[in-house]
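First comes the structure, then the notes that go with it.
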Amino acid sequence: MGIEKVRLPRRVIRLRSTAFSCNSQRLKEYLRLRQLFFMLSDGIIVMDPQRTIVFVNPAAVRLTGWQIGDKVPYCLFCQNRKVASGDERCLLAADPTRHYFESEMPTKMGRPVPVGMSRTFLTAEEGAFRRDMVITVRDVTVERQEEELELSRRLTHHTLKVQEEERKRLSQELHDGISQTLYGISLGMEHLQRHIKDQILSDKLNHLQDRLRSCMQEVRVLSRSLYPAVLYDIGLLAALRSLADELTTEQCQVQFATDLTEEDGISAAVAVQVYRIAQEAIRNALQHSHASYVSTVLLGSDEEGDWLLQIEDDGSGFTLTDGETGNSGYGLRNMQERARAIAGSFELKTALRQGTTIRIKFPKSGVRE
């Protein structure tokens, strides 16, 4: 007697087919989620209430060195914070309103890592009281470095702004105070000159007047150096031209060139730093390099939207001695600080008997987008 074939009702076949299709879809979703879990750049750690790791992704292992079965240590903040006896030490676990926190986390590599941590809790399984906590950890070392650089830039910018205000005040004091006093002395000496009959005394007085006029000229130059009125009155281009003319001597020709016809909305705060950098660079070339020619060039926006200030001389140059600027002199450090204050880059090229070139690239707004 043969075995009879049992025909399943069509409804049962459809149900089985649907169940298989659902399971297949769930499997695909599971595989996608698993792939995402293992590919995430942020670390994910699942730990039980005793802080034992029950699941961890590769990013968290790379960041901390922890593995499944390890006990997660408290972050440095939670290790040192004061808690009452019996209270939860972990801030994220203790405070239900806090979902994100930054601290330094101990690692198996021996050094703590600055991390940003967010947390959630898995739903407890039916009949279970345990709720596993999920922490997402992200290395914030780079972000902190960027924040520190931005804070340093703002501090430098503020310092230089205060410095410029003090320069302006001193310039006005020289012009309105000392210059006027010296001018009054000059008038008095001229009056005396007309009433002195003794030739020896007259010659001495003439000598003193010459020295006084020289002193008055030095005060005027110092006043203009401290506060270049032309920069604020008619702009950066005119100020740089005036600076080149003022510093040109018989021993050294200083020239200024630009492809700009106007300053195209450059802010006053940026303009004054550009002017100060050019002023410092040209004076360095005159005083230390014994240059016979100095070229100052200001070019408008390049492909990246940056402006370029370049000061080049044919002086003696010098040997680079450190990894960044080649010189730890005050003048170069000052130029670097000013460039950084306007979000600019500072580049120095020099060698013995080959002159010096300084290049500053900066956004005209003084802020990187």
Side-chain angles (χ1 to χ4, degrees), residues 142 145-165 167-168 225 227-228 230-244 247 254-285 294-313 320 322-350 355-369:
V142 174
Q145 289 173 344
E146 290 175 350
E147 288 174 0
E148 288 173 0
L149 286 174
E150 177 61 18
L151 180 61
S152 176
R153 192 192 70 81
R154 290 183 181 181
L155 180 60
T156 300
H157 180 77
H158 177 72
T159 302
L160 293 174
K161 181 181 178 181
V162 172
Q163 186 181 84
E164 285 300 322
E165 291 173 353
R167 283 172 175 263
K168 180 180 178 180
S225 172
Y227 182 71
V230 65
L231 174 64
Y232 300 93
D233 294 341
I234 54 178
L236 177 62
L237 301 185
L240 290 173
R241 289 192 189 96
S242 176
L243 179 66
L247 296 180
V254 182
Q255 291 191 346
F256 170 68
T258 182
D259 66 349
L260 301 169
T261 55
E262 57 184 25
E263 279 131 45
D264 191 26
I266 187 171
S267 69
V270 175
V272 72
Q273 301 308 332
V274 172
Y275 178 85
R276 293 299 185 194
I277 291 170
Q279 185 182 50
E280 184 75 45
I282 295 172
R283 286 184 172 169
N284 279 354
V294 181
S295 166
T296 304
V297 177
L298 180 65
L299 301 178
S301 298
D302 61 10
E303 294 179 354
E304 299 175 352
D306 282 343
W307 285 27
L308 171 68
L309 173 70
Q310 177 173 296
I311 304 97
E312 185 175 10
D313 69 65
L320 298 178
D322 67 34
E324 294 184 359
T325 64
N327 194 300
S328 58
Y330 173 78
L332 286 177
R333 290 201 306 272
N334 192 32
M335 284 186 278
Q336 279 186 293
E337 290 295 325
R338 290 185 183 278
R340 188 171 66 176
I342 56 175
S345 62
F346 179 92
E347 180 184 353
L348 170 68
K349 291 184 179 179
T350 186
T356 300
T357 300
I358 290 172
R359 293 165 59 91
I360 310 292
K361 291 184 69 175
F362 61 96
K364 70 175 184 179
S365 64
V367 178
R368 292 284 176 196
E369 298 297 334

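By convention here, the first residue in the shown sequence is residue 1.
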_Quick check: closest heavy atoms across Pro363 and Ala343, and the distance to 0.1 Å?_
CD-O, 3.5 Å
*Short question: side chain of Asp313, backbone of Ile282 - any donor-acceptor pair under 3.5 Å?*
no
*Distance-only, no hydrogens or angles: does the Thr258 side chain make a donor-acceptor pair with backbone N or O of Leu298 under 3.5 Å?*
yes
Find out whether [X] and [Y] are in side-chain contact, i.e. whether some heavy atom of one side chain is under 4.5 Å from a heavy atom of the other.
X	Y	answer
Asn284	Glu280	yes
Phe362	Val270	yes
Leu309	Arg359	no
Gln310	Ile358	no
Gln255	Ser295	no
Ile360	Val274	no
Trp307	Ile266	yes

If I take atom [atom1] from residue [X] and atom [atom2] from residue [Y], how far apart are they, to the nearest 0.5 angstrom?
X	Y	atom1	atom2	value
Met335	Ile277	CE	CD1	8.0 Å
Leu240	Tyr275	CG	OH	7.5 Å
Phe346	Leu332	CZ	CG	5.0 Å
Glu347	Gln336	CD	CD	12.0 Å
Leu237	Ser242	CG	OG	12.5 Å

*Check the pair Leu348 / Thr357 against side chain to side chain contact (heavy atoms under 4.5 Å, CB included), numbers first and verdict last.*
CA-CA 6 Å; Leu348 170 68; Thr357 300; over 6 Å; no
*asked:* Test of understanding: with side-chain hydrogen bond (donor to acceptor under 3.5 Å, both in side chains), list the residues that count as partners of Thr356, not counting sequence neighbours.
replied: Thr350
*Please step through side chain to side chain donor-acceptor pair (under 3.5 Å) for the pair Arg276 and Gln279, ending with a clear verdict.*
CA-CA 5 Å; Arg276 293 299 185 194; Gln279 185 182 50; 2.9 Å; yes
